[in-house]
Structures are given as structure tokens and as C-alpha cells.
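Numbering of residues begins at 1 and proceeds along the displayed sequence. As the structure lists them, so they are numbered: ligands from 1, and atoms in each ligand from 1.
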Amino acid sequence: MGEPCILAIDQGTSSSRCVLFEADCRVVGSAQREFAQHYPASGWVEHDPEEIWSSVQSTLSDAVKLADDRSIAAIGITNQRETTLVWDRKTGACIHRAIVWQDRRTAETCESMRQDGHEALVTERTGLRLDPYFSATKIAWILDHVDGARARAEAGELAFGTVDTFLIWRLTGGAVHASDVSNASRTALFNIHTADWDDDLLALFNVPRSLMPDVRDCADDFGQATIDGKTVPIAGVAGDQQAALIGQAGLAPGVTKSTYGTGCFVLANTGSEARPSSNQLLTTIASRLDGQMAYGLEGSVFVAGSAIQWLRDEMKLIERAPDTEAIAEATGVVEDVYVVPAFAGLGAPYWDPHARGAVLGLSRGSGRDQVVTATLQAIAYQTCDLMNAMRDDGVEPSVIRVDGGMVANNWFLQFLSDVLDLPVERPVNVESTVLGAAFLAAYRVGLISSLDAVTKAWQLDRRFEPGMPANQRDALLSGWADAVGRVRASE
Ligand code: ADP
């Protein structure tokens, strides 16, 4: 057997990827498959579980081929969070399509629970909000809408899992029903203070405990997967944002990362303290290693890179996402036009599900270039709103580390640094998410002896320093606040 290596699976919202890493976390190669999104009704988003599984299987087997004579020492898994699957324990077949994190079908249920005064309990125990985003109401929806499901759940015949749990189940041939604390903390059923499923919340959301997986550390024993006839331990698991924070060497308190993919997710490590938010951010579990819990404060914006896709696919203003950089470079900062990409409502810190997008401040001279540039600016303004909320909650980062597909755009990162008035750091490896999963698995099987190795492996590609005059920044941000005020459906 040759050098040991690590396989990291990133089961994302639009594709599944599998990356093969050397023991020191250098990339050997990767494989990726996209899969279909299903929109059966307005605001509903589903994935076919068998398509998720087959895309993971085929990328795994492609990545294994890249190993040559290396031996695969462990598997790490990172995944789209909150997405909800329920399956039959005997057959392993899902009883409904996966209900994706973006799905809003339980908005009314959440609203009526909120009116009944239940949100305080949910927030106190889970750090989350009463929102369709999280798994709890999605599980109940499946139990209530699939014939006979509730009775089967009560009889212990069914299992619930977020995507990590579903993959662990399938990879171990049904031998292990487990999740990690970071994924569990996104269900709205997990008490983040006691680190256990919460009986009051299970009762409130009407979810039988028998459905729930065992919850483990992020670097732990998740059973043995069988790949190409060989058994490999599944040794690391974390939700995508938490894995990205780990990949950004964010195991230490104070590190803050912002990921720009389809959406934008800011996550700050707040250490052993679960810091409640007074600004509608989420308190969540960042990681648990060797039994040591690290909490995080998180804010998300639903639309980031997807606004660039909107410019390309719906507005047809650009041919390719990277075109936005040259356009913005040539146009310069746009001061009067504001794009508010609230296509699916507004996330933190507004949480307004009924808001919708708008382009404001057009004049006769405004054209494609202004709208494209203003769209990039909007993504930075939204990050700014999140960072202000974090500051109000007492988290004051001195630098922000960025990753995800959009951070290839230098103009965007300079503008981001300008409006945040903070340095922005882009690492050499912007694939922080899979890297985080690989680190966890490597740590568990002893390929790296300490997580300091993560800090050592983190390499700066470019640091963007703020340079915008304060009066210009203030004017832009007050124009943004005004634009957001105009699209909000509720205060
Ligand atoms: P995800 O993992 O959510 O699928 P990625 O991290 O792969 O997303 O990022 C892809 C997103 O980044 C797409 O929405 C794309 O529009 C956007 N994007 C990619 N390159 C650029 C660029 N140079 N400038 C602006 N946006 C970009």
C-alpha cells in the first residue's frame, strides 16, 4: 500500500463533489456531478434522494480511481444542511423526495406557531428561529403528507436524516444512523446547550424521537463505508458552513469566514460560549472535537452567486459570471442604482419571507453596466448588514476570510473590503468546505496529530485592504438601507 490519502465528499445543493487529498491535505484530484432541482410548487424545492445517492456514488468511484497506489485512510463528509430526508429502516428507501433547505412550504405552520408564542423556546434551546429553513417542520410535513407515515414513524419503522446521515446510512449499508453536532444543530430539534435531542421540541414539532439519529463529534467513528469492495472508515462530518470555517483554520475563537456560493453565509467562531443574538442572527454549533464544543454566530443571505446567475440566465445581461468583474472594473462604484436581490425574501438580519426583489434609482443613463455592478455591490451590502448585526451582538472580527465561487472576482472583494471597512483575506485554496471535511477525517485517523496543522496549511492568496473614504461608504450604505426599506413587506 502506498501513501495514505483522504476522500472528502461535498454533497451540495446543486452538485455532489468528491475530492481526494494527500495526508497533508494537498489536492490530488476531484470529480463532480450536478443533479436536478425539482420545484413542484411555488416556494417548494426538492431533490431526488436516489439522484443524490447515485451522484455521490459515481463521484466517489471516479475519485477512488485517482488514488493509484495510494491507500484511502478515511472519508470525510460535508453537506448541504437542513435538507430533510425520511426513509424506511428496512429497505433504506426514502418515503418522499428530500425537502431542500430553501423550501418554504412550512411558512404558514411556522407563522402560526410563532403567533402561539413558541419562538422563544425554540431560540433559547436551539439558537435558531422558527423558520421553514430548518428541518423540524419539514419532517413533520413529510409525516403528515405521506400516507401512513406518522403511524410508521410511531412504530419505529422510519429514520430521519439530514444529508450527512442519509449518506452515512447508505455508505454503511444501513449499519449506522448517525449525524454530527454541527448538522444536528440545524434541525431546530437539538438542544445546543445539552447537546441532545430536546424532548420539548420534539413534542412541539410533533416529531417522534424514534426517527432521530445518534449525534457524534465532528471527528468521530461514523462506521465503515464499502467502496469498490474495500472498507474505509467515515471519520469526519460537518455541515457545509461549519466545514468551511474549519477549512479556513477557524477552529480558534474569533475567526470569521464568509462563503460566496449560491448564497452567502457568514460564520464566526465564538468559542465555548453559545452567544445569543439580539439581532436575528443564529447561534449554532461550529464544531465539537474531542468532546470540546465550539459555538458559532451565523448570518446568511439567500441570494449571492445566484444573483449573478440571474444576470446571466434571466436578464441575459452577461454571458458568463466572471464577465461581471470587467464590467464593474470599467464602470466603477455605482452610487445611485440599487439592486435588491430579495428573490426569495430577505434573510438575516431582516427575516422577511414576503419581500421581493427590485432595481431602484434608475435614470435615463442607467444601463446594463450599472445594473451588473450594482448587483455585485448588493452582495457586499448584504454582508455588511450581517457584520453590523454581529458587531451589535458583540462579535468584532478584525479580518474576514472569504471563500466560494464568487471570490475569484477581485473587484467584488475590494468593494467588500471597502464597505465593510475591514481587510478581506482570500486563501490559496478557496475550497474551504471540502478541505474542512478532509481535515476532520485526517485528524480522526491520526494522519494529522493536531488541528494546528490546519492553521499551518492555511495560505493567503491575497489580502484586500479597505480604502474607501468614510463619507462615500456612509452614503452608499444609507442608499442601501433606503432601498431595502422599499422592498420589505413587513417591518
Ligand atoms: P455553490 O457551491 O453554492 O454551487 P460555488 O461556490 O461553486 O457555488 O460558486 C458559484 C457561484 O459563484 C455561482 O452562482 C456563480 O454565478 C458565481 N461566480 C462564479 N465566478 C464568479 C465571478 N468571477 N464573479 C462573480 N460571480 C461568480
**Report entry** Pair Arg463 + Glu465, salt bridge at N-O below 4.0 Å
**Finding:** yes
Requested in this report: Answer yes when Arg186 and Glu298 have at least one side-chain N-carboxylate O distance shorter than 4.0 Å, and no when they do not.
Outcome: yes
Query raised in the report: Checking side chain to side chain contact (heavy atoms under 4.5 Å, CB included) against Ser55, which of Gln32, Arg33, Arg17 comes through?
Result: Arg33
Check ligand 1 for N or O atoms under 3.5 Å from a protein N or O and list each pair with its distance.
unit_1: ligand 1; atom_1: 3 (O); unit_2: Thr262; atom_2: N; d: 2.8
unit_1: ligand 1; atom_1: 3 (O); unit_2: Thr262; atom_2: OG1; d: 2.6
unit_1: ligand 1; atom_1: 4 (O); unit_2: Ser14; atom_2: OG; d: 3.4
unit_1: ligand 1; atom_1: 6 (O); unit_2: Gly405; atom_2: N; d: 2.8
unit_1: ligand 1; atom_1: 9 (O); unit_2: Gly405; atom_2: N; d: 3.3
unit_1: ligand 1; atom_1: 14 (O); unit_2: Gly305; atom_2: O; d: 2.9
unit_1: ligand 1; atom_1: 14 (O); unit_2: Gln309; atom_2: NE2; d: 3.2
unit_1: ligand 1; atom_1: 16 (O); unit_2: Gly305; atom_2: O; d: 3.3
unit_1: ligand 1; atom_1: 20 (N); unit_2: Gly405; atom_2: O; d: 3.4
unit_1: ligand 1; atom_1: 24 (N); unit_2: Thr324; atom_2: OG1; d: 3.4
unit_1: ligand 1; atom_1: 24 (N); unit_2: Asn409; atom_2: ND2; d: 3.1

Requested in this report: Just jot down the salt bridge (charged side-chain N to carboxylate O under 4.0 Å, His left out) partners of Arg462, sequence neighbours excluded, or say none.
Outcome: none
Report task. Over 60° means perpendicular and under 30° means parallel, so classify the ring planes of Trp351 and Phe134, tilted if in between. Result -> tilted
Requested in this report: Measure up the Trp169 and His177 rings against each other and bin them: parallel (under 30°), tilted (30 to 60°), perpendicular (over 60°).
Outcome: perpendicular
